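First the structure, in the form of structure tokens, and then the observations on it.
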Amino acid sequence: MDFQLMIDSIPVLLKGAWITVTVTIISMALGLFLGMGAALAKLSNVKIVRWVATQYIDIVRGTPLLVQLFLIYYGLPQIGLTIDPFPSAVLGLGINTGAYVAEVIRSGIQAVEKGQREAAFALGLSSSQTMRLIILPQAFKIIIPPLGNQFILLIKDSSLVSTITLVELTRTAQRIISTTYKPIELYIAAAVLYYIASLLATKLINRLEKKVRASE
């Protein structure tokens, strides 16, 4: 085991890790936006809106993330739409995450007691005011743990974007391996950095969860 190579590679791997963290955070933000829209659409009383949301969630959840990334990065150029690796990665991960987040948010909204809605209507609030002021704040407290799990999964899933040439952590390790021919050292070093990122995310999520509970 070449420990010196692992130590010497850390600065370069950290640059790749920064790209991984950036892609993950932006993709999660996009996933939350899409997931919120899809969740509300699936709970809509309008049949066509509910149908569109259901198709989005079912298709994305029913197909591999890797295939979705390939369709965006390698498939779209065939119809004249070329997207660089970074936005392709964000788009692919964000769309995929949005489908899973939609189900998390929908279940959180449905977990809020019906009496809360009835009380809000009795006070004269509209449907949108009830959702924004009464339902969503309570649903948010419920969905923090599953959303946290989704974020940690996204950190690990982001390694797949190395297949569309984005030079993030995994791709950086592969580049060093191509010149040193020592995969064990580099993949172990990359795994440690993924573990540290997941550990830090877990601690942040736990702190947020405790803060929300303390405010109740």
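For clarity, every value in this text was computed on a predicted model and none was experimentally measured. In this chain, residues are counted from 1 in sequence order.
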### Task
For residues I72 and P77, report the shortest heavy-atom separation together with the two atoms involved.
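Looks like O-CD, 4.1 Å.
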## Note on the structure
Nearest heavy-atom approach of I143 to G108 is CG2-CA, 3.6 Å
Side-chain donor or acceptor of [X] paired with backbone N/O of [Y] under 3.5 Å:
{"X": "S158", "Y": "I155", "answer": "yes"}
{"X": "Y56", "Y": "I95", "answer": "yes"}
{"X": "D2", "Y": "Q4", "answer": "yes"}

Can you get from [X] to [Y] by hopping between Ile, Leu, Val, Met, Phe, Trp and Tyr side chains that sit under 4.5 Å apart?
{"X": "L193", "Y": "I7", "answer": "no"}
{"X": "F86", "Y": "L66", "answer": "yes"}
{"X": "Y74", "Y": "I83", "answer": "yes"}
{"X": "Y187", "Y": "L13", "answer": "yes"}
{"X": "L76", "Y": "V161", "answer": "yes"}

Would you give me the side-chain donor-acceptor pairs under 3.5 Å for residues 130-140, sequence neighbours excluded?
{"from": "T130", "atom 1": "OG1", "to": "S126", "atom 2": "O", "distance (Å)": "2.7"}
{"from": "Q138", "atom 1": "NE2", "to": "Q116", "atom 2": "OE1", "distance (Å)": "3.1"}
{"from": "Q138", "atom 1": "NE2", "to": "I134", "atom 2": "O", "distance (Å)": "3.1"}

### Query
Should we count CD1 of I188 as having more than 12 external heavy atoms under 6.0 Å?
yes
### Flag if over 12 foreign heavy atoms under 6.0 Å of CD, Q55
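Atom CD in Q55 is packed in, count exceeds 12.
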I'd like to check [X] versus [Y] (side-chain heavy atoms, cut-off strictly below 4.5 Å). Are they in contact?
{"X": "Q150", "Y": "L154", "value": "no"}
{"X": "L153", "Y": "Y100", "value": "no"}
{"X": "L65", "Y": "Q68", "value": "yes"}
{"X": "R61", "Y": "E103", "value": "yes"}
{"X": "L186", "Y": "S9", "value": "yes"}
{"X": "I19", "Y": "V167", "value": "no"}

Measuring from [X]:[atom1] to [Y]:[atom2], what's the distance to the nearest 0.5 Å?
{"X": "D84", "Y": "L166", "atom1": "CG", "atom2": "CG", "answer": "10.5 Å"}
{"X": "F151", "Y": "T202", "atom1": "CZ", "atom2": "OG1", "answer": "9.5 Å"}
{"X": "I142", "Y": "I109", "atom1": "CD1", "atom2": "CD1", "answer": "10.0 Å"}
{"X": "I10", "Y": "K15", "atom1": "CD1", "atom2": "NZ", "answer": "13.5 Å"}
{"X": "Q110", "Y": "I105", "atom1": "CD", "atom2": "CD1", "answer": "12.5 Å"}

Which pairs would a plain distance check flag for residues 24-49, meaning a side-chain donor or acceptor within less than 3.5 Å of a matching protein atom at least two apart in sequence or in another chain?
{"from": "T24", "atom 1": "OG1", "to": "T20", "atom 2": "O", "distance (Å)": "2.7"}
{"from": "S27", "atom 1": "OG", "to": "V23", "atom 2": "O", "distance (Å)": "2.7"}
{"from": "S44", "atom 1": "OG", "to": "V46", "atom 2": "N", "distance (Å)": "2.9"}

### Query
Does anything in residues 165-180 pair up under side-chain hydrogen bond (donor to acceptor under 3.5 Å, both in side chains), and if so which pairs, sequence neighbours excluded?
Y73-T165, E168-Y194, T170-Y194
#### Entry: side-chain contact (heavy atoms from CB on, under 4.5 Å) between L14 and L169, worked out
CA-CA 7 Å; L14 283 175; L169 179 53; over 6 Å; no
### Message
Between K182 and E185 (salt bridge meaning N to carboxylate O under 4.0 Å), is one present in this structure?
### Response
no
